[in-house]
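All heavy atoms count here, side chains included; hydrogens, waters and symmetry mates do not. Each residue takes its place number in the sequence, starting with 1.
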Amino acid sequence: MNLALWIVAGLLATLALFGGATKTFMPKDKLDELGAKSGGGWTEHASAGFVRILGVLELLAAAGLILPAALDIAPMMVPVTAVCWILLMIGAMITHARYEQYKYVALNFVYLALAAFVAWGRFGPESFTG
């Protein structure tokens, strides 16, 4: 179980790292263009600041899912970060549903379920504190 939790947390951290880096460092117009091609065009209707804030939150999530446990500094932050990721995915699902992008709603639901697994596992049976 511990290995599965590490793998899932690593997968989510990788997704958050790439998504966060894209939103944080890619120019907004290029991000809008990329979104229009891939079907994620919600960024066209969001301010650059909002997109950057989401990117920074994703970068923080990437760090928070791995580093606290790996460095043994406040490892309880891993399940807390997973809960925050769940909240972020709820917002993403609502946003994509508003734009009728239902395949992204489904994808965000998968990410939410993976984060729920990490939160459950690290708060419960494979807690770092127990």
Side-chain angles (χ1 to χ4, degrees):
M1 172 81 119
N2 185 48
L3 179 61
L5 289 165
W6 273 105
I7 290 170
V8 171
L11 174 65
L12 287 174
T14 302
L15 292 166
L17 180 65
F18 285 112
T22 301
K23 290 179 187 83
T24 303
F25 301 113
M26 185 177 285
K28 172 100 169 32
D29 57 341
K30 186 148 178 113
L31 190 60
D32 293 345
E33 180 182 318
L34 180 65
K37 289 180 185 175
S38 67
W42 64 270
T43 59
E44 295 175 21
H45 307 284
S47 70
F50 180 72
V51 174
R52 300 270 184 271
I53 288 171
L54 289 177
V56 169
L57 289 174
E58 288 183 33
L59 292 174
L60 290 172
L65 286 166
I66 300 296
L67 293 179
L71 300 175
D72 198 25
I73 300 172
M76 198 59 186
M77 288 306 297
V78 172
V80 171
T81 302
V83 169
C84 292
W85 185 260
I86 290 168
L87 296 174
L88 190 64
M89 289 303 99
I90 291 170
M93 291 167 61
I94 291 167
T95 299
H96 287 298
R98 285 180 51 207
Y99 292 100
E100 299 179 359
Q101 299 168 333
Y102 299 112
K103 69 179 180 180
Y104 292 106
V105 172
L107 185 61
N108 290 137
F109 182 78
V110 171
Y111 298 158
L112 181 149
L114 292 172
F117 173 68
V118 172
W120 167 80
R122 292 305 184 198
F123 274 130
E126 290 291 333
S127 173
F128 290 116
T129 61

Original post:
Testing L5, V118, I66 for side chain to side chain contact (heavy atoms under 4.5 Å, CB included) with V78, which one passes?
Top reply: V118
Original post:
Does N108 have any side chain to side chain donor-acceptor pair (under 3.5 Å) partners at least two apart in sequence or in another chain, and if so, which?
Top reply: none
Subject >> Student check: side-chain heavy atoms of Y102 and H96 closer than 4.5 Å >> reply: no
Original post:
Taking atom CZ of F128 and atom CG of N2, what is their separation to the nearest 0.5 Å?
Top reply: 6.5 Å
Original post:
Is there a side-chain contact between R122 and S127, using heavy atoms and a 4.5 Å cut-off?
Top reply: no
**OP:** Would you list the pairs meeting side chain to side chain donor-acceptor pair (under 3.5 Å) in which at least one residue belongs to residues 8-20, sequence neighbours left out?
**Re:** none
**OP:** Would you give the length of the straight line joining atom CG of L87 to atom CG of L112, rounded to the nearest 0.5 angstrom?
**Re:** 9.0 Å
Subject >> Which residues share a ring-ring contact (aromatic ring centres under 6.0 Å, His included) with F25, sequence neighbours left out >> reply: none
Original post:
If you round to the nearest 0.5 Å, how far is CG of L107 from CD of Q101?
Top reply: 11.5 Å
Subject >> Side-chain (K28) to main-chain (T43) donor-acceptor, under 3.5 angstrom >> reply: yes
Original post:
What pair of heavy atoms forms the shortest contact from A82 to A115, and how long is it?
Top reply: CB-O, 3.5 Å
**OP:** Could you please spell out the steps behind the side-chain contact (heavy atoms from CB on, under 4.5 Å) verdict for K23 and E58?
**Re:** CA-CA 9 Å; K23 290 179 187 83; E58 288 183 33; 2.8 Å; yes
**OP:** Take V51 and W42, measure what side-chain contact (heavy atoms from CB on, under 4.5 Å) needs, and give me the verdict at the end.
**Re:** CA-CA 10 Å; V51 174; W42 64 270; 4.1 Å; yes
Original post:
Out of curiosity, T81 OG1 to L60 CG, how far, rounded to the nearest 0.5 Å?
Top reply: 8.5 Å
**OP:** Working to the nearest 0.5 Å, report the span between CE of M93 and OH of Y104.
**Re:** 15.5 Å
Subject >> Gap between atom CD of E44 and atom CG of L31 - 0.5 Å precision >> reply: 9.5 Å
Subject >> Candidate pair F123 and V80, rule side-chain contact (heavy atoms from CB on, under 4.5 Å), full reasoning >> reply: CA-CA 9 Å; F123 274 130; V80 171; 4.2 Å; yes
